[in-house]
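Structure first, commentary second.
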Amino acid sequence: MPHELHAEEKQTTIFQCASCGGSALFDPESQQLKCQFCESLTPIERTDEQHIEYPLWETLATYERGERETTRIFHCDNCGAETVLDPYNIADFCSFCGSSHIEEQNVEEVITPSLVVPFQVTHQQAIQKFREWMKKRYFAPSKLMQLHQMDKLTGIYIPYWTFDADTFSKYTVNVGTHYYVTETYTYTDGDGKTQVGTRTVQKTRWHIESGTYTEWFDDILVQATHQTAKALIRKVEPFHLGGLTDYKDEYISGFLAERYAVGLDDGWSIATQAMDRAIRSGIEYQVNGDIVQIMKLKTEYSDETFKHLLLPIWLSSFRFKDKTYQFIINGQTGKVSGQAPISWVKVLLTTLGIAFVAFLFYMYMEMQ
Ligand SMILES: [Zn+2]
Ligand SMILES: [Zn+2]
């Protein structure tokens, strides 16, 4: 990324087939570029720079200085998603919400992805998964299947940040240790006589303790997609980050890539919240005691680095009776999630059908 930080127009590369000169797109099946005309395959050169982490503060400082390049994106007025298009894609609807209220914009883009999980699930497999899923939506309106346009199933790379950091924390805790005492008490027995009994009672002794805690965090994953897609995408997580490879424009060709909606600085503050939670439970575990209440905590971060990742999903948004429904597939693992409209006529008929069968059964039993 530092080498990407020049104020220049970003040219999206078009890949040409070596045999016929036709356009070649990324093919999930072969993990190579495939010519759309003669189907010949071109391997994508694999490099392994995965160990490269980018320094957080230096990058943010460069960003502040305004050294940025511009990228052509489509902005959706309805849900706010911003999609980077490759030269083969012309957007006439938003893949996230199906809205056609989209406009082309040139935005300043600083940070380009460094790693990507290339699509594993092909378009055909995605369509197949959608059909299977739809078949199980018994109460979905029958019209939906015909209405739904399969060409609206889009492959999109979703933006994420990952952060690494070293942490050193100083804490003050209130520690409670349980101990048990035997108490005597009086009670009235069944004959109305007063008796003396004993019982064990738990008590807690408190003391204040201070200490230090260190933890190194590796690859704290933060979603950088726009607000409305976050919950949706979470349903098909996790992604296996072992499948990450160095980013190459080749992997994007034929697909869309969402531009990050959560900036690097906001991503970092989300990551620190996650680290803070981990540090707190780490301290609670480290301190000896039955109850550990953290009263003061101060954490210093060092060696903060980040990476910008793209992870693949297949997404279909369809509108039915003025409502948007979504169907989503993890483009790496094939995990499926979605919502479908419910046909109340079908629900009513089914309910009536069950009631009728129950009625027949009742009549039959009565006649025995
Ligand atoms: Zn060709
Ligand atoms: Zn949208």
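Atoms considered below: every heavy atom in the structure, side chains included; atoms not considered: hydrogens, waters and symmetry mates. Atoms within each ligand, like the ligands themselves, are counted from 1 in listed order.
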Quiz item: Are the charged groups of K307 and D164 less than 4.0 angstrom apart, N to O?
Solution: no

Practice problem: Quick one: which residue pairs count as a ring pair (Phe, Tyr, Trp, His ring centres under 6.0 Å) with a foot in residues 167-197, not counting sequence neighbours? | Solution: Y185-Y187

Self-check item: Heavy-atom side-chain contact between D290 and T204 under 4.5 Å
Solution: no

Quiz item: Taking the Zn ion (ligand 2) as the center, what protein N, O or S atoms are found at less than 2.8 Å?
Solution: C76 SG, C79 SG, C94 SG, C97 SG

Quiz item: Are there more than 12 heavy atoms of other residues, nucleotides or ligands under 6.0 Å from atom CG of N288?
Solution: no

Exercise. Report yes or no: does S253 contribute a side-chain atom to a donor-acceptor pair with the main-chain N or O of F26 at less than 3.5 Å?
Key: yes

Quiz item: Does S95 reach the side chain of F74, with side-chain heavy atoms less than 4.5 Å apart?
Solution: no

Run the side-chain donor-acceptor check on residues 232-241: report pairs under 3.5 Å with partners two or more places apart or on a different chain.
from : atom 1 : to   : atom 2 : distance (Å)
R234 : NH2    : Q223 : OE1    : 2.9
E237 : OE2    : Y160 : OH     : 2.6
E237 : OE2    : Q223 : NE2    : 3.3

Quiz item: With a 4.5 Å heavy-atom cut-off, do C20 and C35 have their side chains touching?
Solution: yes

Self-check item: Sphere of radius 2.8 Å around the Zn ion (ligand 1) - protein N, O or S atoms inside
Solution: C17 SG, C20 SG, C35 SG, C38 SG

Quiz item: Under 4.5 Å between any side-chain heavy atoms of Y157 and F119, yes or no?
Solution: yes

